[in-house]
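Residue numbers run from 1 in the order of the sequence given.
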Amino acid sequence: MVEKISWYEEFVDFNYKPKESDVICLFRLEPSKGMNLKEVIGRIASESSCGTWVTLSKLPSRINKLKAYAFWNKGKFLKVAYPLELFEEASINSFLSGPAGNIFGMKAVNKLKLMDASFPIKFLKGFKGPNYGKDAIKKIFRRKRGPITAVVPKPKLGFSAREHAEIAYKIWIGGIDCIKDDENLSNQKFNRFADRVRLISKFREKAEKVTGNVKEAFINVTAQNLEEMEKRIKLIHNYGFNYFMLDVVISGFTAVGTASELAHDFNMAIHGHRAMHAMFTRHDHGMSMLMLAKIMRILGIDQLHIGTVIGKLEGKKEEVLATKELITKEEVAEIPFLRLEQKWGKIKPMLPVASGGLHPGILPELFKLYGTTDIVIQVGGGTQGHPLGAEAGAKAVIQAIEAYHQGIELEEYSKTHKELRIALEKFGKVHPV
């Protein structure tokens, strides 16, 4: 008799009933040519847990308690249950090294995507989650409802630190809550980080005196190493800001975890930018944006860009709205083939950030999708592209929000609000691409 070589089929059990403590992962897959589906399913469950390509002569006694089981399959979709003991406590990195690890490089799969993972409360207890989340509206901005408004000085690179701060002042006194660094502005020669923090702080103080309202800044602390990131967070904190911004994908999950610890220590909130995500979320091989957003809520990001549906950045309506619900609710139900159920326990809800190609003319469409209560809206070029300048552009954004809250059509409201009227004359209701 020929000895069996592989043991992949031992990781497939369609009669398995997941335990309450299991982590459940939803995958979408396409086998490579010449591979049948069951063979590939076994490889995914095995290689992402405790298996390998060949039978072994000696196994630890606990091996059967550590096996993942592929227990459900419909077409291209697969669910795998992972025993919680496979993963280090309170470590997203440990988790990702399995269901998001080497299996994506296997020859057996042509395409593979981690759509979602449902985590048991026992796993989530090890994480602090967001420090503020949607409570930022009340606790930082001292308002009963949103939206929180933000603007990136455009062009995204090119201003000196002083020019950046001067533009910020005009935007603030026009009514916008926050000024935001773009994702690729960090510590360039023409706009040094420390100078930017100092000058923005100075102009912020002036803007708060003029307007009587809280003004904030999402200043980018993304750095080459954790020590420098920590220095930048401390500097922002010392100047009295309640927020800092981090490029969460570019920085990496260890950096996000470290930043979250510092945010809790300094009682600050984190504005998470998703730059680089589309390299692996936009295609059929990688991870979904929904899954990335879930990880960021666990790690402690307070607000995260998730898409607008109507703006210039890609994002299907179904997934964007499923992601919005996932990060803003205390519990969500399964959406077949898209999202698993999730109970969040003590992990606070996040704020979704809608940005990319927004302007006053299309804000009502955005609000019909998102609402206005728990959201951050970011309008960059749609503010500074205003013919009368940045301050007028900011006023036009605020006027569009006022019109929506009062149930008045933009065209009607613009008859008595010059800034909005001029913005509509320029932008109309165009959807940028």
Side-chain angles (χ1 to χ4, degrees), residues 136-154 164-181 200-219 241-243 245 269 271 303 308 311 351 353-367 370-427:
I137 295 169
K138 177 176 64 178
K139 292 184 177 179
I140 293 179
F141 296 96
R142 301 168 199 162
R143 293 205 304 264
K144 292 182 178 179
R145 67 176 182 180
I148 297 171
T149 55
V151 168
V152 180
K154 299 289 185 179
H164 187 104
E166 288 171 349
I167 289 286
Y169 177 74
K170 291 177 182 177
I171 291 167
W172 276 324
I173 64 172
I176 297 295
D177 298 313
C178 306
I179 199 74
K180 175 192 167 296
D181 286 356
I200 286 177
S201 174
K202 177 181 176 181
F203 280 92
R204 172 202 186 205
E205 184 178 350
K206 183 179 176 183
E208 288 187 330
K209 286 180 180 177
V210 170
T211 65
N213 296 319
V214 174
K215 302 297 177 182
E216 272 296 336
F218 307 149
I219 302 173
F241 291 100
N242 293 297
Y243 272 96
M245 171 185 146
H271 179 92
Q303 55 199 47
T308 67
L351 281 171
V353 180
S355 65
L358 295 179
H359 59 81
I362 59 174
L363 288 182
E365 291 182 64
L366 178 72
F367 295 147
Y370 272 92
T372 61
T373 303
D374 298 324
I375 183 177
V376 180
I377 62 165
Q378 197 168 283
V379 188
T383 298
Q384 290 152 91
H386 195 286
L388 299 183
E391 183 179 346
K395 288 179 178 178
V397 170
I398 300 303
Q399 290 163 7
I401 296 169
E402 291 170 349
Y404 187 82
H405 280 161
Q406 295 175 37
I408 303 172
E409 294 291 329
L410 293 186
E411 290 76 8
E412 184 64 26
Y413 203 71
S414 71
K415 292 177 182 178
T416 53
H417 295 81
K418 179 180 70 173
E419 293 84 4
L420 179 58
R421 174 176 56 79
I422 293 173
L424 294 178
E425 287 173 356
K426 175 169 183 176
F427 299 116

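- Leu363 places none of its side-chain heavy atoms less than 4.5 Å from the side chain of Glu365.
- The backbone N or O of Ala354 sits nowhere less than 3.5 Å from a side-chain atom of Thr308 that would complete a donor-acceptor pair.
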Side chain to side chain contact (heavy atoms under 4.5 Å, CB included) assessment of Asn213 paired with Glu208: CA-CA 5 Å; Asn213 296 319; Glu208 288 187 330; over 6 Å; no

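- Annotation for Gly380 and Val151: closest pair CA-CG1, 4.3 Å, computed over non-hydrogen atoms.
- Using cut-offs of 30° and 60° on the angle between ring planes, the pair Phe141 and Tyr243 is tilted.
- Remark: Leu351 CG to Thr373 OG1 distance equals 11.0 Å, nearest 0.5 Å.
- Glu419 places no side-chain N or O within 3.5 Å of a backbone atom of Gly174 that could act as its donor or acceptor partner.
- Formation of a donor-acceptor pair under 3.5 Å by the Gln384 side chain with backbone atoms of Ala390 is not found in this model.
- Between Arg204 and Glu216 there is a salt bridge, since at least one side-chain N of the basic residue sits less than 4.0 Å from a carboxylate O of the acidic one.
- Taking 4.0 Å as the cut-off between side-chain N and carboxylate O, Glu205 and Lys202 do not count as a salt-bridged pair.
- Counting only heavy atoms from C-beta outward, the side chains of Met245 and Lys180 approach each other to under 4.5 Å.
- A salt bridge between Glu425 and Arg421 is present, with a side-chain N of the basic residue lying under 4.0 Å from a carboxylate O of the acidic one.
- A donor-acceptor contact shorter than 3.5 Å is absent between the side chain of Lys215 and the backbone of Ala207.
- Residues Ile398 and Gly175 approach most closely at CD1-O, 3.4 Å, considering heavy atoms.
- No side-chain donor-acceptor contact under 3.5 Å links His386 to the backbone of Ile422.
- Residue Ile137 holds its CD1 atom at 9.5 Å from CD1 of Ile375, rounded to the nearest 0.5 Å.
- In the model, Tyr413 has no side-chain atom that pairs as donor or acceptor with a side-chain atom of Gln399 under 3.5 Å.
- The two residues Ala396 and Ala423 come nearest to each other via the heavy atoms CB-CB, 3.9 Å.
- Between atom CH2 of residue Trp172 and atom CD1 of residue Ile179 there is a gap of 6.5 Å, rounded to the nearest 0.5 Å.
- Here the NZ-CD distance, from Lys170 to Glu391, works out to 8.5 Å after rounding to the nearest 0.5 Å.
- Rounding to the nearest 0.5 Å places NE2 of His271 at 10.0 Å from CD1 of Ile148.
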message: I'd like to know whether Leu358 forms a side chain to side chain contact (heavy atoms under 4.5 Å, CB included) with Gln378, so could you lay out the CA-CA distance, the side-chain angles of the two residues, the decisive distance to 0.1 Å, and finally the verdict.
response: CA-CA 7 Å; Leu358 295 179; Gln378 197 168 283; 5.8 Å; no

Full working for side chain to side chain contact (heavy atoms under 4.5 Å, CB included) between Asp177 and Arg143: CA-CA 11 Å; Asp177 298 313; Arg143 293 205 304 264; 3.0 Å; yes

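- Contact detail for Leu424 and Gly361: the closest heavy-atom pair is CD2-CA, 3.7 Å.
- Using a 4.5 Å cut-off on side-chain heavy atoms (C-beta onward), Leu420 and Pro360 make contact.
- Gly381 and Phe427 get closest at one heavy-atom pair: O-CZ, 4.0 Å.
- Nearest heavy-atom pair across His405 and Pro147 is CE1-CD, 4.2 Å.
- Within 6.0 Å of CD on Glu409 lie no more than 12 heavy atoms contributed by other residues, nucleotides or ligands.
- Ring geometry, Phe367 versus Tyr404: the interplanar angle falls from 30° to 60°, so the pair is classed tilted.
- Between Ile219 atom CD1 and Asp181 atom CG the span is 6.0 Å, to the nearest 0.5 Å.
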